[in-house]
There are 2 protein chains.
Amino acid sequence: MAVKIADPLLMREINKFHVLETIRCHGQISRVEISERTLLSGTTVSAITGALIEEGLIHATHTEANGETHRGRPRVLLGLVADAAYVLGIKISEATTTVTLIDFQGEVVTSVQLPIRLSRQPAEVIADLIEDAMDDCINKSGVNRKRIRGIGIGVPGLVDPRSGRSYASSVFGEREVPLSALLGERTGLPVKLEKPANLLALAEAWFGYAQRDKSFGVIVLDQTASLGLWLDDDVHRGASTLGPTFGHLKVGSQGVACDCGQLDCLNAHVSDAALRKHAADALGSGFVQTALARTSITAALAEACDAGEAEARKIIDGHGAKLGVGVSHVINLINPEKIIVVLESQRYCDLVEPALRAAAAANSFRAHYASTELILHTLDDQLWARGAAALMLRDIYSAPWTSAYQEELQ
Amino acid sequence: MAVKIADPLLMREINKFHVLETIRCHGQISRVEISERTLLSGTTVSAITGALIEEGLIHATHTEANGETHRGRPRVLLGLVADAAYVLGIKISEATTTVTLIDFQGEVVTSVQLPIRLSRQPAEVIADLIEDAMDDCINKSGVNRKRIRGIGIGVPGLVDPRSGRSYASSVFGEREVPLSALLGERTGLPVKLEKPANLLALAEAWFGYAQRDKSFGVIVLDQTASLGLWLDDDVHRGASTLGPTFGHLKVGSQGVACDCGQLDCLNAHVSDAALRKHAADALGSGFVQTALARTSITAALAEACDAGEAEARKIIDGHGAKLGVGVSHVINLINPEKIIVVLESQRYCDLVEPALRAAAAANSFRAHYASTELILHTLDDQLWARGAAALMLRDIYSAPWTSAYQEELQ
DNA sequence: GTCTTTAATAAGGGATGCGTAAAAAGTAGC
DNA sequence: GCTACTTTTTACGCATCCCTTATTAAAGAC
C-alpha cells in the first residue's frame with residue numbers, strides 16, 4: 001500500500017499541497033487564478049491561502065495586475081516567502097567543494113567555494129572543513145541559523161541515500177564514509193546525500209528543462225559518467241537504492257579494463273581518466289600535463305581540436321560515440337521524454353554532439369529515438385546547488401499522499 | 001498535476017479502493033480484519049463493505065471463523081463475487097491464438113485455443129476468427145454476455161496501447177492494424193491492446209511472483225525477446241508509449257544484421273529465427289526441418305543437447321550469454337527488485353540458466369546484480385490470459401487518485 | 001464624485017466523509 | 001438461561017468540500 005488512507009485531514013493536506021505547488025510553479029499568482037488552475041472553489045482557496053499565510057510560507061506581494069490594467073478590484077498576487085526556510089546545498093568534487101545557501105524560493109543567497117583537494121584528508125577532517133565553509137556561508141548571508149531546515153549533498157561515487165553513506169568515492173580515502181551522520185552530528189540538521197546526477201535530475205525537474213516531464217534522464221560527466229533517472233515524479237533508485245549505473249554499462253568489446261574489474265565499461269572509455277590517457281597516447285604526455293595544469297581535459301581537447309589537431313577531433317568523436325551507445329541503451333530501455341546531457345563547456349557540447357547523436361541514433365530503435373528528446377547543455381554550478389537544495393525543499397513541500405512522506409516525518 | 005484535487009467523493013473512492021484491494025489480495029476476510037489492515041475504523045469499513053455488497057462486487061460467504069472457534073460473535077467473511085464481472089483475455093501468436101474467459105476473481109472460466117496460423121489472413125478476417133472464438137468461449141461458459149466488461153489482448157510486435165494499434169506484427173500481413181477498433185466494433189466492448197511482455201508483467205504483478213514488488217522486469221522469448229517493465233505500480237511505457245525495446249538492445253559487435261536495419265540487436269542473436277539459423281548452420285538444415293515439424297526450436301535444441309550434441313550446447317550457451325548481456329543492461333540502468341525470465345520449457349530454463357547468469361553477472365555492476373533477483377520460469381498459457389484479464393480488471397479496480405483513471409474513463 | 005466591475009471574504013445550507021461511543025447481534029461457556 | 005465476549009451496526013459530533021448569496025474592498029469609467 002503505497003497510498004495512505006483518506007481522511008478529512010489528508011484531504012486538506014492534499015489540496016494545500018496543490019495550492020502550494022501552483023504558487024511555487026507560477027511564482028506570483030492571485031487567488032482567482034489558483035482557483036482556476038486547481039479547480040478548487042474560491043472559498044477553499046481563500047481558506048488554504050489564509051492558512052499558508054499564517055504559517056508564514058506565502059505572503060501577499062501586494063503587486064497589482066501586471067502590465068495591462070483591469071477593470072475591477074485588482075488581484076492580490078501571492079508568492080512564496082523567500083525567508084520561510086533555507087537549505088544548504090553542497091557539491092563535493094575532487095578539486096572543489098561548493099557550499100550554497102538557498103532560500104525557500106530556490107534562489108541562491110550565498111555561495112562559497114572551497115578550492116581544496118579533499119582526497120588526502122580523512123573523512124572527519126573533511127567534515128570539519130565543510131562545517132567551516134557552511135558557517136562562513138551562513139555568516140555572510142546574515143540568515144538566522146534557526147531558519148535553516150537541512151542540508152543536501154552531492155558526492156561522486158556510490159551513494160546510498162537511505163543510510164547516508166558514500167562508498168568508493170574518489171574524494172575520500174576511506175571506502176565507506178557515513179557523511180550524513182558526520183555532518184548531522186556537527187550541525188544538528190537533517191542531511192540528505194545523493195549522487196550528483198540525481199541532484200541534477202532534481203534540479204532539472206524543479207527548476208530546469210524538465211519541469212513538465214514525467215520521465216527524463218540526466219547524464220553528467222563529472223570525473224565519471226553518471227545517470228540520474230526521473231520516473232514518476234521521483235528519482236529512480238532501484239533495488240539497491242544506489243540508482244542506475246550508467247558508467248558501467250558495457251559499450252563495445254575492445255577489452256578495456258575498468259576500475260570495477262570488468263571490461264569495456266562506459267567509464268573505461270569516457271571518464272576523465274580515460275580521456276587523459278587517450279590524449280596522452282595520441283598527443284603526448286607533455287600536452288596533457290601542460291594542459292591540465294591550466295584547465296580540464298575536455299577543455300584542453302576542445303582547444304586542441306579547434307587548433308586543427310586531428311587526433312583531438314578523433315578522441316572527441318570517440319568520446320561522443322561511446323556516450324551515444326550508452327544513451328541508446330537508456331532510450332531503448334527507458335525511452336524517457338528527455339535525456340539531458342550535461343557537459344562542462346558549450347564548446348565541448350558542440351564538438352561532441354554530432355558523434356553522440358549519430359551513435360545514439362544508430363543504436364536505438366527508431367520509434368524510441370524519435371520520441372526521446374536529446375538535449376546537451378553546460379554545467380552550471382548553481383544548478384548543482386539548487387538540486388541539492390531541492391533535495392531538502394521537497395521534504396518541506398512534500399506530497400502528502402505518499403507513504404514516504406510519513407516515513408520522512410518521523 | 002498527476003493527482004486529483006481532493007474532495008469527499010474522492011476520499012470515499014480511495015478508501016473503497018483500499019478495502020477492495022484488501023479483499024482481493026486476501027481472498028476471504030472479515031470486516032474487523034479489513035479494519036486492522038487498512039487502519040480504517042470499523043464504522044467506515046462497514047459502510048464501504050455495505051456499498052460494495054450493494055454494488056454486487058463482494059458478498060458475505062457466510063463461513064464463520066475457520067478452524068478454531070472463537071468466543072464472541074463470529075466474524076462474517078467477505079469475498080469477491082466471482083460473477084460480478086468477466087473479462088476476455090486473448091493471446092495472439094503466430095501459430096496459436098488463445099481466448100480465455102476470466103471471472104472477477106481472476107480465475108479462468110473457459111479457455112479456447114485456435115490452432116490457426118493467422119499470418120496469411122487480412123486483419124478483417126483475423127478479427128472475424130477471433131470473434132468466433134470469443135463467442136465459442138462465452139457460449140461454453142454459459143456466462144451472460146452482459147457481464148463481460150472488456151477484452152484484453154496481447155499481440156507480438158510493436159503495440160501502441162493508446163491508439164490500440166499493432167505495428168509490424170509478425171501475425172499480421174498489414175504493417176498497421178487497428179485491432180482495438182476492429183474488435184471493439186464487433187463486440188461493443190472496450191478493448192485494450194498490450195505487448196505480450198507487458199501482459200506477463202501485469203500477470204506477475206497481480207497473480208504471480210512479483211505481487212509485492214515495487215519494480216520488476218519480465219523478459220519473454222516469444223518469437224523475439226521482449227521486456228515488460230513494472231515501475232511504480234504500473235507498466236512503464238516511456239515517451240513513445242511502446243514500452244521498452246529489449247530486443248533491439250545492442251549486444252556484441254559481430255555485425256549481425258537485424259530486421260530493424262541495425263546491427264547486433266539482441267533479437268538478431270536470440271530470436272527464434274536466429275536460433276533456427278544457428279541450428280541449421282551447426283546441425284544441418286535437415287535437423288531443423290524435422291525438429292520444427294514436431295516441436296519448437298528451443299525444445300529441439302534442448303533435446304539435442306541432452307542427447308550429447310556439443311553444437312547444441314554451444315548454441316544454448318551463446319543464447320544465454322546474449323540474453324545475459326541484455327539482462328545486465330536492465331540491471332545496470334533499472335536495477336529492479338526482480339527480473340523474471342519466462343521461457344518455454346523447464347528443461348530449457350535449466351540449460352540456459354548458467355550462461356545467462358554468468359553473462360549477467362559479468363556485465364552488470366556488482367551491487368546492482370546482487371540486489372536484483374533473477375528468476376527463470378516457464379511460460380504458462382494461463383498466465384498470458386490472466387495478464388490480459390488483469391489489463392481490464394485493473395480498470396474496474398482502478399486506483400482513484402491517478403489522473404490515468406480519469407483519462408481511461410472517458 | 002458616483003457608477004461599474006472584479007476580487008476576496010463571510011455566512012448559511014447541503015452533502016459526504018471520518019471517528020468515537022454506545023447499542024444490537026450473535027456465539028461460547030457456565 | 002444467563003453471562004461474557006466479540007463483531008457489526010447505529011447515532012452523534014465534527015471536519016472538509018461545494019455552492020449560493022451577501023458584504024466588503026479597490027480600482028477604472030463616466
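Here is how names work: the chains are called A, B, and so on, in the same order as the sequence lines, proteins then strands, and each is numbered from 1. As the structure is a prediction and not an experimental result, all values here were calculated from the model.
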Base versus backbone protein contacts along nucleotides 16-23 of chain D [heavy-atom cut-off under 4.0 Å; B, S, -] | SSSB----
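The phosphate of dA27(D) (OP1 or OP2) has no side-chain N or O of R75(A) nearer than 4.0 angstrom.
Residue I58(B) contributes atom CD1, which lies 12 Å from atom P of dT8(D) at whole-angstrom precision. Taking atom NE2 on H18(B) and atom C1' on dC18(C), their separation rounds to 15 Å, with Å as the unit. Atom CZ in R31(B) sits about 17 Å away from atom P in dG19(C), given to the nearest Å. Atom CD in E33(A) sits roughly 14 Å away from atom C1' in dT6(C) (whole-Å rounding). Between the C1' atom of dT7(D) and the CD1 atom of I34(B) lies a distance of 13 Å, rounded to the nearest Å. The distance between atom CD of E13(A) and atom P of dC18(C), rounded to the nearest whole Å, is 16 Å.
Residues satisfying the side chain to side chain donor-acceptor pair (under 3.5 Å) criterion with R24(A), sequence neighbours excluded, are E21(A). Partners of D234(A) by side chain to side chain donor-acceptor pair (under 3.5 Å), not counting sequence neighbours, listed by chain and number: R394(A). Take S30(B) and apply the side chain to side chain donor-acceptor pair (under 3.5 Å) test, not counting sequence neighbours, and it matches no residue. Shown here are the ring-ring contact (aromatic ring centres under 6.0 Å, His included) partners of F104(B), two or more places apart in sequence or in another chain: Y397(B).
A donor and an acceptor atom, one from each side chain of S46(B) and T43(B), are nowhere located under 3.5 Å apart.
Listed by first then second residue, pairs satisfying side-chain hydrogen bond (donor to acceptor under 3.5 Å, both in side chains) with a partner in residues 200-211 of chain A read E204(A)-H377(A), not counting sequence neighbours.
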